[in-house]
Amino acid sequence: MSRDPFEHMRDRNPVPPEDEPMAPAALAERIMGTRARTARRPMPGWAIATAAAAAVLAVGGVMMILTGPRTPVVGDGGTTTTAAAETTTTQPVVSFVETRAYFFAELDDGWVSGPFLISIAVRAEVRGDDGDVPGIAHQALTALFDGDVDGPVGFSSTIPEDAVYSGLEYDEVTGVVTVYVSAEFVGGGGSFSMMGRLAQVIYTATAVDGVTGVRFEVGGEPTTVFGGEGIVLDDPATREGFDDLLPLVFLDSPAYGATTGNPLVAYGKANTFEATLLLELTLLDGTVLWQGFTTATCGTGCWGDWQVEIPYELDAAQPGILYAYTDSMEDGSRITIRSHRVTLAPGEGPPVASPPVADCSGAEATTPLEDQDGLPAAVAETRAAIWAAARTCDWAALTDLAGDTLTWSFGGEPGDPTPQWKSIEATEQPTLYMAELLTMPYGTRQTPDGTMYSWPSAFGLPWAEVSAAIRAELGRIYEDSDFALWEEFGYGGYRVGIREDGTWMYFVGWD
């Protein structure tokens, strides 16, 4: 099946006025009621927000976390009225852990229609020494409803934008959580959209160790039947019955953006020929750390669980990519690909989550900046200033350079781009792209405002006209799979544009 491989990136990567479109127009949202995540905000310390705004009750082994006035149902059949706490007892932060929230994303290769469920990492604070199951689940569900996660480009949610999550109740005996949502949660969308939002909540809650099932209270009423189609959930609901929302190779853990242990333990579900799937762990530059395969507990028409332990050696923590996929029986190419960007650990041990403090990816750009012939002085000055600021993640300098003229990607919205870049630095690495691109040969284009100088020179050219030398330059930050996509549409990576008067005009791209 042929489709535009860049269609799901349009909203997150605007085209500047000087650019010509490089691929067909954007595809309309695939799920009725789905909202694309057009900006990924910095991920806060969720337990800090919880301590400031939530009331936490324990009644007969039932833990309740509420974010506003309501009358929750407690485990013994009675009722207790509570309101948001003005003050809370502060417990010391013991540690950070990672859990997962579930959204939707397209497959990487376009072989199978989507979108499908994808797991995205959520960091949570653990207070006390009891594991804090309801606290972790509350933080994950808050991230799910707010969309405050760093996911892949174009990820989306089927949860209506006006739906409100107001807290949960956790039964320590059964492991069941009751999730409190507003009536808007069941409004709008067809059966696929309704199944999608139910799956997102159920998968997110049950990803927390200690949660066995989910009940819903919608608009103050316990609910097991959803939507005009009358979707009926078990009581309590589990992950059973949502397989149609999964890709044929489902990579559940590590989630996108997760910090892995060493060895890395990966697991998920699959429905593949002879239950076989392949995995590959690489660094961002394509260096292969591990390759192998595993088999699920069922396949060739049925779903099975799979898990594999992946050993690897590194001298220092650094980002990598885990691929899970199958091979095409027709030509041996990779299909049904899932790829999660992760942070790899240098030594042996389980994953250790830390506060969400991003390193500077621009520091990994090792190519020196050299003078380039033909650049006006103003352009050369701005180029050098952007490169220097990107290399050190000097956000204040980047803000000044962006001014009020810059068009930018990575979830771009009007205003200062640097808070957004900073929040996704650990996963999308915007400063690395800036720094590396500005060391490559440039091209020029004539615009109504004068000559535009663009990096890299591959932008605007048919891929067949891009020289081997330029492709080698691009190979520092892109992979062969990217090159394969560009065969039809031309260069589709990020680009930097500076006007001849030295004004920084854009930092945009399709992927």
Side-chain angles (χ1 to χ4, degrees), residues 8 98-122 140 144 149-156 196 199-200 202-204 206-208 239 242-273 275-284 288-299 302-312 319-328 333-345 351 353 427-428 479 481:
H8 61 293
E98 282 189 347
T99 184
R100 307 185 293 281
Y102 293 78
F103 293 84
F104 282 89
E106 298 283 345
L107 279 175
D108 296 336
D109 64 339
W111 185 74
V112 178
S113 297
F116 295 103
L117 277 179
I118 180 176
S119 62
I120 300 177
V122 174
L144 174 66
V149 295
D150 287 329
V153 171
F155 76 98
S156 61
Q200 285 183 257
I202 293 167
Y203 268 70
T204 297
T206 55
V208 179
R239 294 187 174 191
F242 293 99
D243 290 345
D244 287 346
L245 303 179
L246 303 179
L248 296 180
V249 175
F250 177 53
L251 176 54
D252 196 357
S253 182
Y256 186 98
T259 302
T260 72
N262 193 335
L264 182 158
V265 178
Y267 58 84
K269 297 185 71 173
N271 181 355
T272 61
F273 179 69
T276 301
L277 64 146
L278 298 96
L279 298 104
E280 180 179 86
L281 180 64
T282 75
L283 299 179
L284 293 188
V288 176
L289 300 178
W290 185 89
Q291 284 182 319
F293 72 94
T294 190
T295 54
T297 55
C298 193
C302 61
W303 288 91
D305 298 318
W306 62 269
Q307 178 171 315
V308 64
E309 186 175 284
I310 299 175
Y312 61 93
I321 301 176
L322 177 63
Y323 298 91
Y325 59 96
T326 59
D327 281 343
S328 168
S333 62
R334 295 183 180 185
I335 57 175
T336 64
I337 305 169
R338 296 312 307 179
S339 60
H340 286 187
R341 186 172 293 193
V342 295
T343 298
L344 302 172
T427 54
E428 302 294 342
E479 302 176 353
S481 58

key: Residues in ring pair (Phe, Tyr, Trp, His ring centres under 6.0 Å) contact with Y325, at least two apart in sequence or another chain   = none
inquiry  = Restricting to ring pair (Phe, Tyr, Trp, His ring centres under 6.0 Å), what partner residues turn up for Y203, sequence neighbours left out?
reply    = Y102
Close side-chain approach of [X] and [Y], heavy atoms under 4.5 Å:
X: V149; Y: F155; answer: yes
X: Y267; Y: V308; answer: no
X: L278; Y: R334; answer: no

query = Considering residues at least two apart in sequence or located in another chain, which fulfil the side chain to side chain donor-acceptor pair (under 3.5 Å) criterion with T282?
reply = none
note = Hits for side chain to side chain donor-acceptor pair (under 3.5 Å) against E479, two or more places apart or cross-chain, chain-then-number order -> Y323
message = For Q307 and V265: C-alpha separation, side-chain torsions, deciding distance, then whether side-chain contact (heavy atoms from CB on, under 4.5 Å) applies.
response = CA-CA 7 Å; Q307 178 171 315; V265 178; 3.7 Å; yes
inquiry  = Between L117 and Q200, does the side-chain contact (heavy atoms from CB on, under 4.5 Å) criterion hold? Intermediate values first, please.
reply    = CA-CA 8 Å; L117 277 179; Q200 285 183 257; 4.1 Å; yes
key: All pairs passing salt bridge (charged side-chain N to carboxylate O under 4.0 Å, His left out) where residues 254-271 contributes a residue, at least two apart   = D243-K269
remark   = When T272, T326, N271 are each screened for side-chain hydrogen bond (donor to acceptor under 3.5 Å, both in side chains) with T336, the one that passes is T326
remark   = Residues at least two apart in sequence or cross-chain that pass side chain to side chain contact (heavy atoms under 4.5 Å, CB included) with F116, listed by chain then number, are L107, V112, P247
key: Intermediate values then yes/no, side-chain contact (heavy atoms from CB on, under 4.5 Å), L344 and V342   = CA-CA 6 Å; L344 302 172; V342 295; 3.7 Å; yes
key: Stepwise side-chain contact (heavy atoms from CB on, under 4.5 Å) check, F103 with L144   = CA-CA 8 Å; F103 293 84; L144 174 66; 3.9 Å; yes
